[in-house]
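What follows is a short report on a single structure.
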Amino acid sequence: MARFGEVVEMEMKIEFLCNSRMTIAYRISDMASGVLRYMGRTGHCYYHNELKRPIALSKYSPQLYQLLQAGMESEQSVNIL
């Protein structure tokens, strides 16, 4: 839990990646003390809003898919913005 005005650090890591979905793990710590505040994961699928169905990310955005793969395989941060 964090309250307004507290500063936290968020680390995220792609734990699972395939053509149709991915799982991201989160670790949130207090910036000043380093005390762990929260750990969790979320699952995501790639959804095409116009087609109204899940899609294969490598087909619709191969560059983004390759970038996510590279981020998952390395311990370095990858900027996708």
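Computed over heavy atoms, backbone and side chain alike; hydrogens, waters and symmetry mates excluded. For clarity, every value in this text was computed on a predicted model and none was experimentally measured.
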Are Leu64 and Leu51 linked, directly or through other ILVMFWY residues, by side chains that come within less than 4.5 angstrom of each other? yes
Heavy-atom pair with the smallest gap, counting every atom of Glu6 and Arg3: OE1-N, 2.6 Å
Could you list the residues that satisfy salt bridge (charged side-chain N to carboxylate O under 4.0 Å, His left out) with Glu15, not counting sequence neighbours? Arg41
Going by the side-chain hydrogen bond (donor to acceptor under 3.5 Å, both in side chains) test, which pairs reach into residues 59-68, not counting sequence neighbours? none
Which donor-acceptor pairs under 3.5 Å do the side chains of residues 17-35 make with protein atoms, sequence neighbours left out?
{"residue": "Asn19", "atom": "OD1", "partner": "Ser58", "partner atom": "N", "Å": "3.1"}
{"residue": "Asn19", "atom": "OD1", "partner": "Ser58", "partner atom": "OG", "Å": "2.5"}
{"residue": "Asn19", "atom": "ND2", "partner": "Ser58", "partner atom": "OG", "Å": "3.4"}
{"residue": "Tyr26", "atom": "OH", "partner": "Thr42", "partner atom": "OG1", "Å": "2.9"}
{"residue": "Asp30", "atom": "OD1", "partner": "Arg37", "partner atom": "NH2", "Å": "2.7"}
{"residue": "Asp30", "atom": "OD2", "partner": "Ala32", "partner atom": "N", "Å": "3.0"}
{"residue": "Asp30", "atom": "OD2", "partner": "Ser33", "partner atom": "N", "Å": "2.8"}
{"residue": "Asp30", "atom": "OD2", "partner": "Ser33", "partner atom": "OG", "Å": "3.1"}
{"residue": "Ser33", "atom": "OG", "partner": "Val35", "partner atom": "N", "Å": "3.2"}

Here the gap from Tyr47 atom OH to Leu57 atom CG, rounded to the nearest 0.5 Å, amounts to 15.5 Å
In one Ile/Leu/Val/Met/Phe/Trp/Tyr side-chain cluster, 4.5 Å: Met10, Leu36: no
